[in-house]
Each structure stands twice: as C-alpha cells, then as structure tokens.
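Right, one structure below, let's go through it.
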Amino acid sequence: MSPHNRRILVTGGAGYIGSNTTLQLLDAGYDVVVADNLSRGHREAVDPQRLHVIDIHDTEGMARLMMEKPCDAVIHFAAYIAVGESMKVPEIYFENNTCGSLSLLTAMRKANVKNIVFSSTAAVYGMPARVPIPETEPFAPVNAYGESKVMVEKLLHWFDLIHGVRSMRLRYFNASGADPNGRAGEDHEPETHLIPLLFRAIQTGEPVKLFGDDYPTPDGTCIRDYIHVTDLARAHIVAVEKLLAGGDSDVFNVGTGHGFSVKEVLNAVEAVTGRKVPHVIGPRREGDPPLLVADSTKLQERLGWRPEFSSIETIVETAWNWANRTRR
Ligand code: UDP
C-alpha cells in the first residue's frame with residue numbers, strides 16, 4: 001500500500017522515540033500530525049507546522065484534533081518512562097500512562113479512528129523465566145512503570161473485542177542511539193539512561209555510577225538488549241502498515257536478540273570515543289532484572305523487520321555525534 005494520502009497521529013512526537021519515528025514516517029511519505037503536551041518532550045524536536053500542544057487527558061480536544069485532521073492510525077508514545085521514578089511516585093505513572101491512554105482510546109472512539117500502535121515495554125515481563133524472552137512470557141512487572149503499560153495492553157484487548165479498535169503492541173527493549181543523519185536523538189532531563197550518562201561522565205569528569213557488579217552474569221553487571229532508535233522507529237512503520245492493510249491486533253518484541261552488559265557498553269563507549277569513562281561501582285538499582293534480551297523472531301518473520309543499525313558501535317557512534325551536536 002502506498003503511504004501517500006495516509007495520515008498518522010503521533011502522540012509524544014516531541015520525545016526521543018516519537019521524534020525519530022515521526023522523521024521515519026515523513027521519510028516514508030506519510031503525513032504526520034504530532035500531539036504533545038511538551039511536559040518532557042522538546043518543542044524544537046518537531047516541525048512547528050505539525051505540532052499540536054495538547055494533553056492526551058483532554059479527551060474532547062484529542063477527538064476534535066482527530067476529526068479536524070482525519071487520521072488513519074495513531075502511534076501512541078506519550079508516557080513517562082523512568083523506572084526509578086515510578087517506584088517513588090507511582091500515581092503519576094498510572095495517571096499519565098494508564099489514564100492518559102484510556103482518554104486517548106475514548107477520543108479515538110469518538111473520532112472513529114480504529115488503528116493504534118502502542119509503545120509497550122520489556123518491563124511488562126519483570127524477571128522472565130525464559131531468555132531470550134518470547135512474547136508468550138506472562139505479564140509479571142516488578143515496577144510501577146511496567147504495570148502502567150500492562151494495564152494499557154489490557155485496555156487495548158477490550159477495545160478491540162468490544163469496539164473493533166485494532167492495535168499493535170510493541171514491547172521495546174533498550175532504545176538507544178540517534179538518527180544517523182543527526183536530526184533527532186535522546187535528550188532527557190533528568191537523564192537516567194546508561195549511554196548518555198556514560199557520555200556525561202566523559203564530558204564533565206564526574207564519575208558515572210554502575211548499578212551493581214554482583215549480578216549472576218559473566219562480569220557481574222546487568223545485561224540489556226540495546227536497539228537502535230532508527231530500527232525501533234522502523235518497527236512502528238511495519239506495524240502501522242500491517243494494521244492499515246487490515247491485519248489483526250498483535251504483539252511484538254522489538255530488540256536484537258543480543259545482550260550487552262553495562263561494562264561491555266562502557267568498553268564500547270571508550271573504544272568509539274577514544275576517551276576514558278570515569279566510573280565507580282555503586283549499589284544495585286531497585287527493580288533492575290539481571291538479564292533482559294528479546295526474542296524478536298516473530299517481528300522478523302511476520303513483518304519482515306530486521307535490525308540494521310543496532311550494532312553496539314553504530315549505537316554509540318550515532319549517540320556520541322548527537323551528544324556533541326551544535327545546540328539548536
Ligand atoms: N545503569 C547504570 N548506571 C546508570 C544508569 C543505568 O549502571 O547511571 C545500568 C542499569 O542498572 C541497567 C542498564 O544500565 O542495568 C540500562 O539502564 P537504563 O536506565 O539505560 O535502561 P533500562 O534497562 O532501565 O530500561
């Protein structure tokens with residue numbers, strides 16, 4: 001199907017993954033409308049002509065937007081993402097991530113929009129028994145962030161069954177890297193993610209804390225599946241295409257199937273940048289599973305997706321270029 005004349009509403013399009021996916025959608029020929037309340041996103045990450053500053057809790061306003069700018073599908077990124085914060089103030093996670101999504105789904109009903117791609121997370125699995133993790137592993141979140149996303153996955157099930165709203169739930173592993181053309185990247189405040197924090201340690205000389213080196217892994221540090229944000233963005237495109245072609249609701253892991261320990265990522269950062277990363281070993285961070293690696297066979301086989309940019313070198317290189325860009 002040609003993407004021409006297809007319009008996608010992207011919530012949270014001023015954020016890290018949302019802005020990268022918006023670029024990929026535009027590159028592929030889609031028309032894109034962005035809805036973002038700019039609470040954690042960046043105004044300059046979006047073409048001002050496409051940006052609507054609105055909160056997803058504003059059900060009537062979102063419905064109006066979808067009627068004024070009729071769209072074929074919604075890609076829903078708008079959410080809080082910090083695991084640590086979710087264990088201190090869970091209420092804002094349930095309010096923003098869960099209630100916000102319910103409001104959005106209600107607005108979609110009012111505007112008769114029937115397709116949604118949803119940003120879910122590996123955190124829905126908690127401490128999985130099987131690694132690499134297949135989509136069939138049960139929900140067992142160990143933090144409020146993961147639970148807030150499980151609840152939305154359940155809402156989506158009922159909205160499909162009762163209202164015929166079809167959804168693709170994408171469970172992301174560790175989004176990382178930046179647009180290879182330097183157009184968009186990661187910019188959280190406060191920053192909690194490993195790779196940008198390793199860069200900050202280089203830039204400031206302030207040591208970064210590695211959260212625990214006594215895990216049951218070969219070097220004692222946690223292992224994660226780092227997926228380049230461009231590959232992640234492309235997973236949204238194949239998912240939305242499947243929905244627009246009439247595909248049924250489904251769920252997919254988005255990862256590479258290969259894990260890197262915190263120390264291996266640190267070594268890759270030192271190799272790519274040619275700089276030493278000042279670091280200290282600290283205590284474990286609450287809610288951190290030792291090993292999270294995706295089985296993404298389903299996404300590869302059913303939707304023909306392949307990771308292309310997710311070597312650890314490309315991830316670090318593109319992220320380092322972004323971290324050193326001339327500020328806009
Ligand atoms: N990590 C760390 N120090 C930091 C930030 C993260 O050692 O300052 C570790 C964290 O414990 C995890 C890995 O790096 O094992 C990736 O964490 P991140 O917050 O980037 O992503 P998450 O896995 O929580 O989604």
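Indexing begins at 1, ligand by ligand and atom by atom, following the structure's order. Nothing here was measured: the structure is a model prediction, and the numbers come from that model.
- Counting atoms of ligand 1 from 1 in the listed order, those under 4.0 Å from a heavy atom of V262 are 7 (O), 9 (C), 13 (C), 14 (O), 15 (O).
- Looking at atom 1 (N) of ligand 1, its nearest protein heavy atom turns out to be F211 CD1, 3.6 Å.
- Taking the ring centroids of F77 and H236, they lie under the 6.0 Å cut-off.
- Between E85 and R40, at least one side-chain N (NZ, or NE/NH1/NH2) sits under 4.0 Å from a carboxylate O, which counts as a salt bridge.
- Counting heavy atoms closer than 4.0 Å to ligand 1, residue L194 contributes atoms from both its backbone and its side chain.
- Contact annotation: for Y215 versus ligand 1, there are no heavy atoms closer than 4.0 Å.
- With ligand atoms numbered from 1 in the order given, ligand 1 contributes 16 (C), 21 (O), 22 (P), 23 (O), 25 (O) to contacts under 4.0 Å with heavy atoms of N174.
- Taking a cut-off of under 4.0 Å to the non-hydrogen atoms of L210, the atoms of ligand 1 that pass are 7 (O).
- For M67 against A111, the heavy-atom pair with the smallest separation is CG-CB, 3.8 Å.
- The protein atom (non-hydrogen) at minimum distance from atom 8 (O) of ligand 1 is L197 CD1, 3.3 Å.
- Each of the atoms 5 (C), 19 (O) of ligand 1 lies under 4.0 Å from some heavy atom of T192.
- D36 has no carboxylate O lying under 4.0 Å from a charged side-chain N of R50, or vice versa, which leaves the two without a salt bridge.
- Side-chain atoms of Y125 and N253 include a donor-acceptor pair closer than 3.5 Å.
- Remark: minimum distance from atom 3 (N) of ligand 1 to any protein heavy atom is reached at K209 O, 2.8 Å.
- Near C222, meaning under 4.0 Å from any of its heavy atoms, are these atoms of ligand 1: 15 (O).
- Ligand-side atoms of ligand 1 in range of Y226: 13 (C), 16 (C), range being under 4.0 angstrom from any heavy atom.
- Summarising the geometry of A45 relative to A14, their closest heavy-atom pair is CB-O, 3.7 Å, with the distance given to 0.1 Å.
- Residue, atom and distance of the protein heavy atom nearest to atom 11 (O) of ligand 1 are D288 OD2, 2.5 Å.
- For the pair R284 and Y215, the cation sits on the ring face: its NZ or CZ lies under 6.0 Å from the ring centre, inside 45° of the axis.
- Of the protein's heavy atoms, R285 NH2, 2.7 Å lies nearest to atom 24 (O) of ligand 1.
- Taking a cutoff of 4.0 Å between a charged side-chain nitrogen and a carboxylate oxygen, D72 and R6 qualify as a salt bridge.
- Closest non-hydrogen pair, N97 versus Y145, comes out as ND2-CD1, 4.0 Å.
- At a heavy-atom distance under 4.0 Å, atoms from both the backbone and the side chain of H193 approach ligand 1.
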